[in-house]
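Heads up: the structure comes next, in structure tokens.
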Amino acid sequence: MSRLKRHQLIDPVEKLEDRMCTEHDKPLELFCKTDQTCVCMLCTVLDHKTHDVVPLKEEYERKKAELGKTEAEIQQMIQKRRLKIQEIKHSVDLSEEDADREIAEGVQVFTSLKESVERGLNELINTIKEKQKTTEKQELEQEISELMKRSTEVEQVLRSEDHLHLLQSVQSLNIQQPPPTKDWTEVSVHPSSYEGTVVKAVVQLEETLSKEMKKLLESELKRVQQYAVDVTLDPDTAHPKLILSDDGKQVNHGDVRKNLPDNPERFSNCVNVLGKQSFSSGRFYFEVQVKGKTNWTLGVARESINRKGIITLSPQNGYWTIVLINGNEYKALAGPPVLLSLKSPPQKVGVFVDYEEGLVSFYDVDAAALIYSFTGCSFTEKLFPFFSPSLNSGGKNSAPLIISPVRVN
């Protein structure tokens, strides 16, 4: 028979001193940790003398403390999960609000576009129809009407058998002569020209579309600006020729190479610097003034990028950036680079990242225009804001890149 069956089970209602060993009729005062059972003093002498035996009350207190700790841990786990549920619910609510707002805005925009298209089509049809109604045609029709009226009058007089009546009618109505009309012998009729009518209507529609698109982009920019973060430059990553302001908000290229430790985080050959702040989830946005510069590069980079030697900026190498070259050539360094056609040079560039969506977008802040978007990106590491003021080119490109406070218009 096993020891557990030989000894009395513990009744939690009983006091410790009232529990008795069914085999020896002795109080169960001890606990055998080896067999995990309650025993009496005689049991320890006969059956448990080589076992690890401790006072029952001591084991009870120890187990109680352990259970209390376990209960606290379980409650903590429950609380964490309840908080996570609230967080998920809040996120879902926000997502639904965003979706509803996007749908409402989309319906408004496309309804407006639909109305513009219908209005443009109606105006086009009316314009063509109006061209069909010429002045000459209306005038001819009016003269025909007058001549038919005079013909009817003459016909009625001719039917009269009363000589006196005929003479009086001719004199009073003056119907011997036809009514005055225009000489149409030299009038030529030219078919109406409709060349350019449709093109003009499409141009007007395009202007309307452009206005609606601008409104849409302004609204989009305001939304992403809500995710503005405070970004400062990390001097431990800066190339030795870069000059950083004391507040970590400005950077430009200098001619003197500073004697700095070549730590693993520092760019050694390329004049780049990263932001101090990193992001591994959610959305973030920051703005950089590029006014007065002829060359610059902006974007984000993953933590594991190569920072030594020659660097090729591309998403494959962990960089999502746009660049200005020679003062007027804008490119997205998408590997291969994509040439960008901008209506005007941006003075301030906004950078927006949605980590989960795999999106990096660049905006011309003042024009509220989208410059370029990297989509379908797969982020698995921390992302850092990336800056390069490029070489100062003998002072031509000496203006600094300036991280600007975000102001929602």
Side-chain angles (χ1 to χ4, degrees), residues 229-279 284 286-337 340 345-351 353 360 362 381-405:
V229 293
D230 185 20
V231 173
T232 51
L233 302 169
D234 185 356
D236 292 335
T237 67
H239 182 275
K241 280 194 174 182
L242 291 182
I243 302 171
L244 275 61
S245 62
D246 292 339
D247 62 0
K249 296 292 186 180
Q250 300 187 29
V251 58
N252 64 305
H253 177 255
D255 294 319
V256 179
R257 186 183 183 95
K258 297 187 288 293
N259 185 19
L260 299 173
D262 188 20
N263 51 284
E265 296 82 14
R266 191 179 304 283
F267 290 95
S268 61
N269 280 39
C270 299
V271 288
N272 304 331
V273 60
L274 298 179
K276 282 185 178 181
Q277 295 72 21
S278 65
F279 306 89
F284 64 94
F286 59 94
E287 293 179 352
V288 183
Q289 181 179 304
V290 296
K291 184 178 180 180
K293 296 194 64 62
T294 59
N295 295 270
W296 51 259
T297 308
L298 290 174
V300 294
R302 68 185 179 213
E303 187 175 26
S304 64
I305 52 172
N306 175 33
R307 310 182 190 203
K308 308 300 179 183
I310 302 301
I311 297 172
T312 301
L313 302 183
S314 70
Q316 291 78 11
N317 294 330
Y319 296 87
W320 292 266
T321 58
I322 61 172
V323 60
L324 168 64
I325 305 170
N326 300 325
N328 59 5
E329 189 176 343
Y330 295 89
K331 292 182 179 180
L333 301 183
L340 304 176
Q347 304 298 301
K348 188 182 293 184
V349 176
V351 183
V353 176
V360 182
F362 299 86
E381 301 178 24
K382 292 178 180 178
L383 295 179
F384 291 82
F386 174 88
F387 310 85
S388 175
S390 297
L391 304 179
N392 64 25
S393 302
K396 294 180 181 178
N397 189 41
S398 60
L401 290 176
I402 303 174
I403 303 172
S404 307

Could you walk me through whether Val288 and Phe387 pass the side-chain contact (heavy atoms from CB on, under 4.5 Å) test, one step at a time?
CA-CA 9 Å; Val288 183; Phe387 310 85; 3.7 Å; yes
Lys241 side chain reached by Leu391 side chain, heavy atoms, under 4.5 Å:
no
Is the count of non-hydrogen atoms from other residues, nucleotides or ligands lying under 6.0 Å from Lys308 atom NZ greater than 12?
yes
Measure the shortest side-chain to side-chain distance between Asn272 and His239 over non-hydrogen atoms and say whether it is less than 4.5 angstrom.
no
Should Asn295 and Leu324 count as side-chain neighbours, where that means a heavy-atom distance under 4.5 Å?
no
Val229 vs Phe279 side-chain heavy atoms within contact, under 4.5 Å:
yes
Just so I know, are the side chains of Val290 and Leu401 near enough to count as touching, which here means a heavy-atom distance under 4.5 Å?
yes
Less than 4.0 Å between a side-chain N and a carboxylate O, is that true for Asp230 and Lys249?
yes
Closest approach of Gly309 to Cys270 (non-hydrogen atoms, all atoms of both residues):
O-SG, 4.0 Å
Taking the side chain from Lys293 and the backbone from Ala399, do they hold a donor-acceptor pair closer than 3.5 Å?
yes
Quick one: CZ on Phe362 to OG1 on Thr321, what's the gap to the nearest 0.5 Å?
6.5 Å
Tell me, with the steps shown, if Phe386 and Val300 meet side-chain contact (heavy atoms from CB on, under 4.5 Å).
CA-CA 5 Å; Phe386 174 88; Val300 294; 5.5 Å; no
Please step through side-chain hydrogen bond (donor to acceptor under 3.5 Å, both in side chains) for the pair Asn317 and Asn306, ending with a clear verdict.
CA-CA 8 Å; Asn317 294 330; Asn306 175 33; over 6 Å; no
Ignoring hydrogens, what is the shortest heavy-atom contact between Ala238 and Leu244? Give both atom names and the distance.
CB-CD1, 3.9 Å
Closest non-hydrogen atom pair between Pro345 and Tyr330, with its separation
CB-OH, 3.2 Å
Nearest 0.5 Å please: distance from the CZ atom of Phe384 over to the CZ atom of Arg302.
13.0 Å
Least distance between heavy atoms, Lys382 atom then Ser278 atom
CD-OG, 3.6 Å
Less than 4.5 Å apart, side chain to side chain, heavy atoms only: is that true for Asn397 and Trp296?
no
Within this structure, what is the CD-OG1 distance for the pair Gln250 and Thr232, rounded to the nearest 0.5 Å?
13.5 Å
Has Gln347 got a side-chain atom pairing as donor or acceptor with Gln289's backbone, closer than 3.5 angstrom?
no
So, the side chain of Arg266 versus the backbone of Thr237: is there a donor-acceptor pair under 3.5 Å, distance only?
no
Do Asp236 and Asn263 come close enough that some side-chain heavy atom pair is under 4.5 Å?
yes
Output the distance between atom CG (Asn259) and atom CZ (Arg257), rounded to the nearest 0.5 Å.
9.5 Å
Report the C-alpha distance between Val271 and Ser388 in whole Å, list the side-chain angles of each, state the deciding distance to 0.1 Å, and finish with yes or no for side-chain contact (heavy atoms from CB on, under 4.5 Å).
CA-CA 6 Å; Val271 288; Ser388 175; 4.0 Å; yes
Test side chain to side chain contact (heavy atoms under 4.5 Å, CB included) applied to Val323 and Leu340, Thr297, Leu298, Leu313, the passing residue:
Thr297
Is it the case that more than 12 heavy atoms not belonging to Lys396 sit under 6.0 Å from its NZ atom?
no
Flag, side chain of Asn269 to backbone of Ile310, donor-acceptor distance under 3.5 Å
no
Heavy atoms only: give me the nearest Pro389-Leu242 pair and the separation to one decimal.
CG-CD2, 3.5 Å
Heavy-atom closest pair (Gly350 atom, Glu287 atom, distance to 0.1 Å) is CA-CG, 4.0 Å
Could you walk me through whether Val353 and Leu383 pass side-chain contact (heavy atoms from CB on, under 4.5 Å), step by step?
CA-CA 9 Å; Val353 176; Leu383 295 179; 4.0 Å; yes
Are side-chain heavy atoms of Asp234 and Glu265 found at a separation under 4.5 Å?
no
